[in-house]
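Structure, as structure tokens:
Throughout, a chain's letter reflects where its sequence line sits, starting with A, and its residues are numbered from 1.
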There are 2 protein chains.
Amino acid sequence: MNVASDRAKPGAAEKPTLYKRIRLDIETRILTGEWPPGHRIPFEHQLMARYRCSRMTVNKALSELAQADLIERRRRAGTFVRRPQHMSAVLKIADIRAEITALGRSYGYQLIDCRRRAATAADRARLGVSTAGKVIAIACRHSADDVPFAVEDRLIDLSTVPEAATADFAREPPGSWLLHHVPWTEAEHTISAVVADEHTAKALDIAVGAPCLVIDRYTWRSARTVTAVRLHYPGDTHRLVARFKGG
Amino acid sequence: MNVASDRAKPGAAEKPTLYKRIRLDIETRILTGEWPPGHRIPFEHQLMARYRCSRMTVNKALSELAQADLIERRRRAGTFVRRPQHMSAVLKIADIRAEITALGRSYGYQLIDCRRRAATAADRARLGVSTAGKVIAIACRHSADDVPFAVEDRLIDLSTVPEAATADFAREPPGSWLLHHVPWTEAEHTISAVVADEHTAKALDIAVGAPCLVIDRYTWRSARTVTAVRLHYPGDTHRLVARFKGG
DNA sequence: TTGACTTATATGTCTAGACATATAATCGTG
DNA sequence: CACGATTATATGTCTAGACATATAAGTCAA
């Protein structure tokens, strides 16, 4: 969660509580560079004196800043501004239907192929599972204002998500269905670039050899594979945007 | 911060503190689906009784889960499991030198071009600034084990980072220099795919028309633009990986 | 100089209260 | 029934203590 979110709240300038004021004071000093990375910030008892409050109040402010990785706390040594981390960005990859409608464009969906089968060796390799079981393989296309937006090639592990057998993927895109029916705990994205082969070019209505952005996503639910999906986007029109903050 | 991080710690099974146990218990129930989105979790006084502790201890556990957006707290109404959010991924985009050396490969760097100039109209548009000023324009290449890894085209706003004028970008890559010398507060990435033009193909030692992953990154420091950079990676060999968790 | 031991100290966790505040639920009235 | 006023209640914040624990720093002996 963004620690700075309180500041960003629109509307009235409500009187902030004391611990939030302390947290904001410290955060501001860090973000302006007044307290550079590695700087030791005042001890809790010093902040108690400065703000005339109890240690628990100071501690709450510092704990939240530590949870947000802005500071590092070391017993006996004190509390320190963290060095600039690796550049980590929050990449919002929404459900495609939500993404398109959020842009104010009309969402279209075409199911190309949907079949249920016993997992082949290739399926098991793709899902990263060793045991045999049933899977659903889906190919479909998403469009925005009737222009092809992305093609999707998905595998769902029915042993993890048996309910998926009853879902109607002709009506509802599998990504939306899964997002609303299956709590996921972890996922991994791999983003790469390819040039469109004949099959992809036809589905996206672009030229063979045109650039495509490819997203591979694996989703787990408590160590069990839920789904593996590969999405092809036209690379020249689609962009992933990641906004983030750091310290 | 990842709320589940304590669980992921390697090594000894240290006795967790009480509030962490409460937090983990609740988190587990949410992640396994036992408490689905919208479910009201027990009131603080109920948890006090269950764990035989004070309200502050329960409150600390719940506050951290709320900060991690796993639950939502409403006065008078109670505390509820949040609906599944958008899929937001933490995309780690490290400094390229660090990224390559972390892979155990030898890092190479070639400065192609570095010039200091008054900002042209194009420079100002790219940096998103309206006032004239000096900039540094840099072109360089990163390689791993002597194989081209990425080409970089960067603009640094000297009015925000005057120290950059004294940096030796022939010796140190500008990304590394900036990461270690300039605290950044915000940035934005745009990821897209293109096919290599002649110039890029030559620099990356790939064929014209081969796919490239492009990352555009804009970095700010308290509302002032620091730098704008465009990186081209060979799309077939380079991948961005984002691992994340959700609820 | 080095290594083992001791001590001081800052953070980590916790308690048993307190008052504030937003709001869901209830009640009463037109 | 609709709507405004009242009340009950769950969370939000805060206090002034306590003991636990990791560890930086100092001490002393080999």
Side-chain angles (χ1 to χ4, degrees), chain A residues 1 3 5-7 9-27 35 38-82, chain B residues 1 3 5-7 9-27 35 38-82:
Chain A
M1 184 199 222
V3 170
S5 61
D6 310 287
R7 203 175 36 184
K9 288 251 176 66
E14 41 194 300
K15 194 188 116 193
T17 56
L18 181 52
Y19 95 86
K20 281 180 182 163
R21 228 191 77 210
I22 300 173
R23 197 187 63 188
L24 181 57
D25 279 1
I26 294 169
E27 194 194 342
W35 287 349
H39 176 87
R40 208 200 60 221
I41 78 177
F43 298 129
E44 292 190 349
H45 70 263
Q46 294 177 303
L47 292 170
M48 283 172 68
R50 175 179 310 177
Y51 291 97
R52 302 182 174 285
C53 64
S54 78
R55 210 185 121 216
M56 279 299 284
T57 302
V58 169
N59 187 273
K60 178 155 182 160
L62 294 176
S63 293
E64 290 194 3
L65 289 170
Q67 201 183 338
D69 272 345
L70 229 69
I71 59 174
E72 185 187 349
R73 317 201 70 200
R74 291 206 299 273
R75 277 188 150 127
R76 169 68 211 251
T79 302
F80 302 84
V81 179
R82 285 191 58 128
Chain B
M1 182 197 227
V3 170
S5 61
D6 310 288
R7 203 176 36 183
K9 289 253 174 65
E14 40 193 303
K15 195 187 116 194
T17 57
L18 180 51
Y19 95 86
K20 282 180 181 163
R21 226 190 79 211
I22 299 173
R23 197 186 63 189
L24 181 58
D25 278 2
I26 295 170
E27 194 194 342
W35 288 348
H39 176 87
R40 208 201 61 222
I41 77 177
F43 298 130
E44 291 190 350
H45 67 85
Q46 294 176 302
L47 292 169
M48 281 171 69
R50 177 179 310 177
Y51 291 98
R52 302 181 176 285
C53 65
S54 78
R55 209 186 122 217
M56 279 300 284
T57 302
V58 169
N59 187 273
K60 177 155 183 155
L62 294 177
S63 294
E64 290 195 4
L65 290 170
Q67 199 183 340
D69 272 346
L70 230 71
I71 59 173
E72 186 187 349
R73 317 200 70 196
R74 291 206 299 273
R75 277 186 149 128
R76 169 68 213 247
T79 302
F80 301 84
V81 179
R82 283 190 58 128

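Both B:Asn59 and B:His45 lie close to DNA chain D; mapped to their nearest nucleotides by heavy-atom distance, the more 5′-ward contact belongs to B:His45.
Here B:Ile22 contributes atom CD1 and B:Leu47 contributes atom CG; the two are 7.0 Å apart, rounded to the nearest 0.5 Å. Interatomic distance, CD1 of B:Ile71 versus CD of B:Glu27, reported as 10.5 Å (0.5 Å rounding).
At least one side-chain heavy atom of B:Asn59 sits under 4.5 Å from a side-chain heavy atom of B:Arg73. Counting heavy atoms from C-beta outward, B:Leu62 and B:Ile26 have side chains that approach closer than 4.5 Å. Contact of the B:Tyr51 side chain with the B:Thr57 side chain is not registered, since no non-hydrogen atoms from C-beta on lie closer than 4.5 Å. For the pair B:Pro42 and B:Trp35, the minimum side-chain heavy-atom distance is below 4.5 Å.
Scanning residues 73-80 of chain A for heavy-atom distances under 4.0 Å to DNA chain D yields A:Arg75, A:Arg76, A:Ala77.
Checking B:Arg55, B:Arg75, B:Lys60 one by one against B:Glu44, the salt bridge (charged side-chain N to carboxylate O under 4.0 Å, His left out) holds for a single residue, B:Arg55.
For the residue pair B:Gln46 and B:Phe43, the shortest heavy atom distance occurs at OE1-N, 2.8 Å. Nearest heavy-atom pair, B:Glu72 versus B:Arg74, reported as atom, atom and distance to 0.1 Å: OE2-NH1, 3.8 Å. In this structure, B:Pro16 and B:Arg21 approach most closely via the heavy-atom pair CG-CG, 4.3 Å.
From the 5' end on, the contacts that DNA chain C makes with chain B at under 4.0 Å to a non-hydrogen atom open and close at C:dT13 to C:dA25.
The C1' atoms of five pairs define one axis at each end of the helix from C:dT1-D:dA30 to C:dG30-D:dC1, and these two axes lie 20° apart (to 10°).
Among the atoms of the strands shown, only primed sugar atoms or phosphate atoms (P, OP1, OP2) are found under 4.0 Å from some heavy atom of A:Leu18.
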